[in-house]
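Step one of this worksheet: look at the structure below.
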Amino acid sequence: MVKHVSWGDLFDGERRPVPDRWTDPQTEFLASMLYLTVLWGGNGLGKSMILAEIARRALRGQLAWQTPGQPYTVIIAGNTWTQIGETLRYLWDGIQPGEFKKGIRFEGGRVQGQRLAVFDFYVDGKRCGQLRCGTFRAANLAGPRADVVLSDEPLPEDVHSELMPRLIGRNGRMYVTFTPTLGTASNIDYLWRIIDDHGITWAGEIQAPTTIENCTPRG
């Protein structure tokens, strides 16, 4: 089932300027070549903003590990649609006219209850790649294949285990940002096992305390 609905206000509303200078943690996050990169720290570091910048570049094939001109499918995953909407708000600010159409469609997959918001991405008027958005559930995200997965909160272990092997098989990447809280600290032991395992060379972390230095764009 494909249902088309209008979401034109995301494109027609007030657009904020997109930064052209970044902090050291943001720059390191952008430049990462790892299959899994985790950026975590306090509030005010611009984590959601840099996640949106990665989404824009990923759709355009502009990240260092990407092949220019190749179509890419990007998934933005979140715990709630409100959380996903915050990342999308930053994303739309830097989108150029014609890269997305004024519409969104919801696709139901083979898994009961699966519902993904899908945006088609265009280059020179031709459809080239997709942006897909979905909430956390292993069954919900089991069907779609992606080249890039972005999350502004740690994925549940079953969701991570569902998506990560496919990404590696497609030479894709996963980017995760979050601020540690009591609600998340006990749920991401699996993530620390990956990060702290010296035998796993394809994953890494960027820990950024909230300091003036870490919050100051360079240049």
Side-chain angles (χ1 to χ4, degrees), residues 25-26 28-30 32-43 45-55 57-59 63 65 72-91 107 109 111 113-119 130-197 200-208:
Q26 289 174 326
E28 185 179 354
F29 198 47
L30 275 174
S32 176
M33 298 289 284
L34 299 173
Y35 287 110
L36 168 63
T37 308
V38 179
L39 170 62
W40 65 284
N43 291 317
L45 292 169
K47 296 186 294 294
S48 298
M49 188 175 292
I50 199 62
L51 205 66
E53 178 68 13
I54 287 177
R57 296 191 188 192
L59 287 164
L63 295 172
W65 55 270
Y72 288 94
T73 296
V74 177
I75 287 182
I76 295 180
N79 190 41
T80 65
W81 283 105
T82 300
Q83 183 185 59
I84 292 171
E86 286 299 310
T87 304
L88 288 176
R89 178 72 265 185
Y90 284 116
L91 173 66
E107 290 188 357
V111 180
Q114 180 174 321
R115 192 167 174 79
L116 294 174
V118 180
F119 302 84
Q130 283 187 342
L131 172 66
R132 290 173 168 261
C133 305
T135 52
F136 295 152
R137 283 202 311 276
N140 190 45
L141 297 171
R145 298 189 177 276
D147 304 286
V148 182
V149 173
L150 309 171
S151 179
D152 207 2
E153 192 72 21
L155 297 167
E157 184 174 1
D158 59 345
V159 177
H160 178 273
S161 299
E162 184 72 43
L163 294 175
M164 197 72 232
R166 293 191 218 164
L167 283 172
I168 293 177
R170 294 166 64 91
N171 192 35
R173 301 293 190 274
M174 182 182 291
Y175 301 87
V176 179
T177 63
F178 72 98
T179 297
T181 66
L182 291 176
T184 61
S186 62
N187 300 326
I188 56 173
D189 288 342
Y190 80 91
L191 194 59
W192 299 135
R193 287 197 298 269
I194 295 172
I195 296 299
D196 294 337
D197 188 336
I200 298 178
T201 59
W202 46 264
E205 65 172 335
I206 302 168
Q207 182 183 1

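Rounded to the nearest 0.5 angstrom, L91 CG and R89 CZ are separated by 10.0 Å. In this structure, E153 CD and T179 OG1 are separated by 8.0 Å, a value rounded to the nearest 0.5 Å. For the atom pair OH (Y190) and CD1 (I195), the distance works out to 9.5 Å, reported to the nearest 0.5 Å. Here CD of Q83 is found 10.5 Å from CD1 of I76. Values are rounded to the nearest 0.5 Å.
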Checklist entry - Would T87 and L150 count as a side-chain contact (heavy atoms from CB on, under 4.5 Å) if you check the C-alpha gap in whole Å, the side-chain angles of each, and the deciding distance to 0.1 Å? => result CA-CA 10 Å; T87 304; L150 309 171; over 6 Å; no

Checklist entry - For I50 and Y90, what are the C-alpha separation, side-chain angles and deciding distance, and is it a side-chain contact (heavy atoms from CB on, under 4.5 Å)? => result CA-CA 9 Å; I50 199 62; Y90 284 116; over 6 Å; no

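In this structure, Q26 contributes its side chain and G46 its backbone to a donor-acceptor pair below 3.5 Å. A distance-only check finds a donor-acceptor pair linking the side chain of D147 to the backbone of T73 [under 3.5 Å]. At distances below 3.5 Å, at least one donor-acceptor pair connects side-chain atoms of R173 with backbone N or O atoms of N171. For the pair K47 (side chain) and G42 (backbone), a donor-acceptor distance under 3.5 Å is present. Although no hydrogens or angles enter the test, the distance criterion places no donor-acceptor pair under 3.5 Å between the side chain of R166 and the main chain of A146.
For the residue pair V148 and A58, the shortest heavy atom distance occurs at CG2-CB, 3.9 Å. For F119 against C133, the heavy-atom pair with the smallest separation is CE1-SG, 4.1 Å. S32 and W65 make their closest contact through O-CD1, 4.2 Å (heavy atoms, listed as atom of the first residue, atom of the second, distance). Between A208 and L45, the closest heavy-atom pair is O-CD1, 2.8 Å.
Under the 4.5 Å side-chain criterion, counting only non-hydrogen atoms from C-beta, D197 is not in contact with R193. Side-chain contact between I194 and H160: present, with at least one pair of heavy atoms (C-beta onward) separated by less than 4.5 Å. Within the 4.5 Å cutoff, side-chain heavy atoms of E205 are placed close to those of W192.
Ring planes of Y35 and W202: perpendicular class, angle over 60° (limits at 30 and 60°).
With respect to M174, the side-chain contact (heavy atoms from CB on, under 4.5 Å) criterion is satisfied by exactly one of I75, L36, T37, L34: L36. When each of N79, T80, I84 is tested with T82 by the rule side-chain contact (heavy atoms from CB on, under 4.5 Å), just one qualifies, namely T80. Partner F178 forms a side-chain contact (heavy atoms from CB on, under 4.5 Å) with one of L155, L39, D152, V38 and no other, that one being V38.
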